[in-house]
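After the C-alpha cells below, expect a handful of questions from me.
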Amino acid sequence: MYVKICGLSEPEHVETAVEAGADAIGFVLTRSPRQVTPERARQLAALVPERVLTVGVFRGEDQRAVREAALAAGVRGVQLHGAHPHGDFTALKDLDLTLVRAVDSASDLRCGAYDEDLLIVDAPRPGSGEPWNWAAVRGRPSGRWLLAGGLDPSNVADAIAAAGPWGVDVSSGVELSPGVKDSRLIRDFLTAARHA
C-alpha cells in the first residue's frame, strides 16, 4: 500500500514520516492552515531521501505560478487539487516532475487522463477531514490512485477494504489540530495502512 502523508510543516514530522516508511510527503503551497512557503518547503524537502517522493500541493493557481513555486521548493512532484484543466498538467510536463491530479469522485477517475502520473480521489469537501462513502468509488478509478478524505489511523483499514485503492493519502487525520501534526498518529497511520 502506497502511503502519502500530506501537509507537513515541521522537520520532526517529516523525519517521522520518512522513518515510519511513507512513500510520499506533501507540502502545501496554497492557501491553507497547512501552508508553507516555497523556501520552507525546500528546507523540509532537503530532509527527505530520494526514494520518498516530495510533492508541492496547489489548488487553483495558474501553471506559471505553480511552476515557479515548485522549482523554488525543490520538490520532485506537483499536485494540482480541484478543477484544473488538462492543459495545466500538459504545460508542466517539461519539468519532469511526478504530476498528481486530486479530484472528487464525480470527476474523470482514470489515472493518466490528464497526463498525470498519480490520481488522488478525495472527499466531496476536500480538507474537511470528514469520512465519506469510500465504497462508492470501488472499481471506478483506474491505474495508480490514492484514496483520501477523512482517513485516520482508526479507519484507514476499513476505507482500504471498502474502496480497494492502490494507495492512501492523509493530512488532517494525523493532526492534533488544523496544521499541527502528531508523530504518534503518523506512525499509527502508516502501520494501520500497511497491515490493512
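The first residue in the sequence is number 1, and the count goes up from there.
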(request) Enter the distance from E15:CD to L47:CG here, rounded to the nearest 0.5 Å. (result) 5.5 Å
(request) Output the distance between atom OH (Y114) and atom CG (L119), rounded to the nearest 0.5 Å. (result) 10.5 Å
(request) Might you point out which heavy atoms bring A192 and A157 nearest each other, and give the distance in Å? (result) O-CB, 4.4 Å
(message) So that I can tick it off, tell me whether D94 and R67 are bridged by a salt bridge, with the cut-off set at under 4.0 angstrom between side-chain N and carboxylate O.
(response) yes
(request) Hey, could you give me the CD/CG distance between E116 and L118, rounded to the nearest 0.5 Å? (result) 8.5 Å
(message) With a 4.0 Å cut-off on N to O distance, would you call K181 and E10 a salt bridge?
(response) no
(message) Testing the basics here: between D108 and A113, what is the closest heavy-atom pair and its distance to 0.1 Å?
(response) OD2-CB, 3.7 Å
(request) Answer yes if the side chains of S171 and R34 hold a donor-acceptor pair under 3.5 Å, and no otherwise. (result) yes
(message) If I compare all heavy atoms of A69 with all of L29, which pair ends up nearest, and what's the gap?
(response) O-CD1, 4.4 Å
(message) Rounded to the nearest 0.5 Å, what separates atom CG in L185 from atom CG in L176?
(response) 6.0 Å
(message) Using side-chain heavy atoms (C-beta onward) and a distance below 4.5 Å, is R125 in contact with E130?
(response) yes
(request) Say whether, by atom type as modelled, one donor and one acceptor occur between the side chain of D115 and the main chain of F89 under 3.5 angstrom. (result) no
(message) Please find the pair of heavy atoms, one from V3 and one from A193, that lie closest to each other, and give the distance.
(response) CG2-CB, 3.9 Å
(request) Would you check if the side chain of W145 reaches a backbone N or O of R140 as a donor-acceptor pair within less than 3.5 Å? (result) no
(message) Do T30 and E61 pair up side chain to side chain, a donor and an acceptor below 3.5 Å, judged on atom types alone?
(response) yes
(request) Over all heavy atoms of both residues, which pair between P49 and V18 is shortest? Give the atoms and the distance, please. (result) CD-CG1, 3.6 Å
(request) Decide whether D117 and T98 meet the rule of one side-chain donor and one side-chain acceptor closer than 3.5 Å. (result) no
(request) Taking S177 for its side chain and V180 for its backbone only, find out whether a donor-acceptor pair lies under 3.5 Å. (result) no
(message) With rounding to the nearest 0.5 angstrom, report the CD1 to CG distance, I25 to L53.
(response) 9.5 Å
(message) Using the rule given for side chain to side chain contact (heavy atoms under 4.5 Å, CB included), can you reason through R64 versus V66, listing the C-alpha separation, both sets of side-chain angles and the distance that settles it, and then say yes or no?
(response) CA-CA 5 Å; R64 285 181 302 279; V66 170; over 6 Å; no
(request) Can you spot which of V57, L146, V55, V170 makes a side chain to side chain contact (heavy atoms under 4.5 Å, CB included) with C6? (result) V57
(request) Look at D96 together with R76 and state whether they make a salt bridge at an N to O cut-off of under 4.0 Å. (result) no
(request) Please name the residue in the list V48, T16, I186, V28 that meets the side chain to side chain contact (heavy atoms under 4.5 Å, CB included) test with L8. (result) I186
(message) Using side-chain heavy atoms (C-beta onward) and a distance below 4.5 Å, is I160 in contact with M1?
(response) yes
(request) Kindly say whether S9 contributes a backbone atom to a donor-acceptor pair with the side chain of R40 at under 3.5 angstrom? (result) yes
(message) For V100 and V78: C-alpha separation, side-chain torsions, deciding distance, then whether side chain to side chain contact (heavy atoms under 4.5 Å, CB included) applies.
(response) CA-CA 6 Å; V100 185; V78 166; over 6 Å; no
(message) How long is the straight-line distance from CZ of R144 back to CD1 of I120, given to the nearest 0.5 Å?
(response) 12.0 Å
(message) Is there a side-chain contact between W132 and V137 in this structure, where contact means two heavy atoms from C-beta onward sitting under 4.5 Å apart?
(response) yes
(request) Taking the side chain as every heavy atom from C-beta outward, state whether L99 and L92 have any pair of such atoms under 4.5 Å apart. (result) yes
(message) Does any part of the side chain of D188, heavy atoms only, come nearer than 4.5 Å to the side chain of D152, both counted from C-beta?
(response) no
(message) Treating H195 as the side-chain partner and T191 as the backbone partner, does any N or O pair qualify as donor plus acceptor under 3.5 Å?
(response) yes
(request) Answer yes or no: is there a side-chain heavy-atom contact under 4.5 Å between K4 and Q79? (result) yes
(request) For the residue pair W166 and Y2, categorise the inter-ring angle as parallel (less than 30°), tilted (30 to 60°) or perpendicular (more than 60°). (result) parallel
(message) Any heavy-atom pair between the side chains of L44 and R42 that's under 4.5 Å?
(response) no
(request) Considering non-hydrogen atoms only, spot the tightest contact between A159 and L151 and give its length. (result) CB-CD2, 3.4 Å
(request) Please determine, by modelled atom types, if D122 and H81 share a side-chain donor-acceptor pair under 3.5 angstrom. (result) yes
(message) Between V121 and D104, is there a side-chain heavy-atom distance shorter than 4.5 Å?
(response) no
(message) Check whether N155 reaches the backbone of G150 with its side chain - one donor and one acceptor, N or O, closer than 3.5 Å.
(response) yes
(request) Ignoring hydrogens and angles, tell me if any N or O in the side chain of H84 forms a donor-acceptor pair with the backbone of G60 under 3.5 Å. (result) yes
